[in-house]
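Labels below follow one simple rule: chain letters A, B, ... track the order of the sequence lines, proteins then strands, and each chain is numbered from 1. Atoms considered below: every heavy atom in the structure, side chains included; atoms not considered: hydrogens, waters and symmetry mates. Since this is a predicted model, take the numbers as computed values, not measurements.
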Amino acid sequence: MEQKNTMHEERKTGHRLWKARLSLWWKAACVNARLFREARIGMIGLVIIITFGIFGAAYPWWVGRDTGVYDPVVGFDDTIIRHPSPPSLRHPLGTDMVGRDILSQMMSSTRTAFVMGLVAATFTASIATMVGAVAAYYGGFIDTVFMRTANLLMLFPFLAFIPVLSAMMEITFLRFAVIIGLLSGFGGSTLIVKSKALGVVNKPYIEAAKVAGRSNIHIIRRHVIPNILSLSFLYMMFSVQGAIFSEAILSWLGFLHIRMSWGIMLYSASRAGYLVGPQLSRYWWMWVPAGVGISLLCAAFYLVGRGLDPIVNPRLRRR
Amino acid sequence: MGRYVVRRIIQVVGMTFAFVTITFLILQAMPGDITNLYISPEIPPEVRQALRERFGVDQPVLSQYARYITNFLRGNLGYSFRHYPRTVWDIIRERLPRTFVLFFTATVGYFYLGFTLGKIIAWKRGTALEYTTTVGGVFLYSLFLPMYALLVIWFFALRLGWFPVSQFITPRLWRGVEVSSNTIFGYIILSAALFVALMSLVSVYGKKYSRTRKARRNLYWGIGGITLGILVTGWGISGYAHLAANIFHHLALPVITLTTGAFAGSMLLMRDSMLETIKEDYVMAARAKGLPDREVRDRHAARTALLPMVTSFTLAIASVLNGGIITENIFSWPGMGQTLVKSIQTNDWPLALGTFAFTGIFVLFAHLAVDILYAVLDPRIRY
């Protein structure tokens, strides 16, 4: 009877605990949202990202009207005799030298950029969180191995490394995203996340959990990782930016096999000789949209990262 | 301190070894060898085989690796496949200084700009100046670098015609000159290094011999002016001054692009770190003493706030080769980044490996130097 009662009690408090956790979580989310809104810089970034999201989502509608004309890769408009043609009603951003619509290329590239950025960032954040937590918690040999790897990878000029890989296999955009995610996950991000995790590992509650007989895996999962997750999320933003930027650079140098992206747009324009000398200003629509797209989206993720900064590092808050 | 340095040097050597090994294996996995350069039906298979044997690429990977490492330790990096009679070392020796000078100037430039602007906007927090500088800086920072470089080329080189579009020298000027551009470039580096060394000596030892700040400033400007005068006259007498100026003229545009494009990162970092320092008690004390505002900012707050900048300087060095690949390709600056991309495109793996190894060593030792500098600067760190 006694035992049954305590079990009942436990279940009740367990139920309440769940409720209390939810309300705490909600409160924290509200505070964070307020902090984020206060730093206007982050809101600007968020608005830009959402705008790009809508822009990318409009792709099926824009291209679906006439796939023959508006397809970003094989489209051709035969009503116009000379390509590249300047912006017109039919093609709001003009066409490129083989008669493809620049606006639909832009929309297609936005989708590529989003998927690639998210895949890369997810890989980076999850690897950096796990490696950082494990290295900080166990220390010693594991720590040394991971930190040496991170140092070596940071040293590695991956912009030069991917061309080497591209000679070995076809680098599609998903493979590229995974490679970038792995490189930056085991590289620089790990160092930063680990230094934060070190602070967490030395907190008294970790000691308490150890005394209470919790297993190492449980402690890492329930006590270490939740406390460094916010920092990983911040680095996810910077990782998206890094992925988009390096994709653009490598495509622009002609090393990647991607169907359509901002980098590819610049690459084809530059290969066809539209990015030299006076052509730059005469055929501006060949490179301005893609350049603006890369710059704006990268800037937006950077701004969101900066806006998240005071939430993740309470030290930076205005006092 | 001595033990720390020794330990770090051992680590650096180990990492260089690991780096070279990994790069070697990755490059080995690339398909193709020297015979790919001569794809032509007229070359009989025997000749192809002879070529392979001659360059040792017919042997198993492990023995190639062993031979490469032994030669590497002896300082022999082998021959470039593409520029055949030239050795890899010869090509690197020609191109490393160019990359080094370009990035050293640009990195120091943008860190200095970021440092100065960062401390000013932190001091004037909440004013219109802060917002305009931050917005402008972040705007330039987030521009896609190749596009920004193209815009800069278009505006300064084509529209205004102030600077040459690309390349390292103007061939027309150098026709009939019996010295090579590298010799001239070497002398430029030498004079700059002499000047910097002398000025840092003066700034270190000047404190001993000049009591007042004014005397120190006079000493500094006096010696600086005289040395600069001697150097300029020396160049003028040598008759190669216009050639040196030509190199500087070509250097200007990439440096401007990199500096203006990247200063915002260090500016924001300096601002954050400065905002932390301003809250400290000793800054308050300095103000209470009635020191001029500028004095408090520069000599009491900014000095402490400088430390995080040193850390980020380390990271900036690591990205030199990445930056080099972009900048050198746009400006056709014949340095390590361009060499690397070209050698990979043409399967010239000895050259690619040599370039990788050299940049790796360069970055590692730069890291080491910055770490030691950090230990000297930060009195809290003692080994």
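- Legend: residues meeting side chain to side chain contact (heavy atoms under 4.5 Å, CB included) with B:Asn329, ordered by chain and number and at least two apart, are A:Leu253, B:Ile325, B:Gln338, B:Val341.
- Screening B:Phe139, B:Tyr141, B:Phe144 for a side chain to side chain contact (heavy atoms under 4.5 Å, CB included) involving A:Ser295 leaves a single residue, B:Phe144.
- Rounding to the nearest 0.5 angstrom, the gap separating the CH2 atom in A:Trp284 from the CH2 atom in B:Trp154 is 12.5 Å.
- Heavy atoms of B:Phe356 lying under 4.5 Å from chain A belong exclusively to its side chain.
- The CD1 atom of B:Ile330 sits 4.0 Å away from atom CH2 of A:Trp252, with the distance rounded to the nearest 0.5 Å.
- B:Val138 touches chain A through its side chain: at least one heavy atom from C-beta onward sits under 4.5 Å away, while N, CA, C and O do not.
- Residue A:Arg271 qualifies as open at atom CZ: its count of foreign heavy atoms under 6.0 Å is 12 or below.
- Applying the side chain to side chain contact (heavy atoms under 4.5 Å, CB included) rule to A:Leu296 yields the partners A:Ile48, A:Phe52, A:Val292; only residues at least two apart in sequence or on another chain are considered.
- Residue B:Ile153: no heavy atom, backbone or side chain, is found under 4.5 Å from chain A.
- Contact of A:Ile244 with chain B is not made at all, since no heavy-atom distance falls under 4.5 Å.
- Heavy-atom distances place the side chain of B:Leu340, and not its backbone, under 4.5 Å from chain A.
- If you measure heavy-atom distances from A:Phe245 to chain B, the contacts under 4.5 Å come from both the backbone and the side chain.
- Interface remark: B:Leu275 contributes no atoms to any contact with chain A (heavy atom separation under 4.5 Å).
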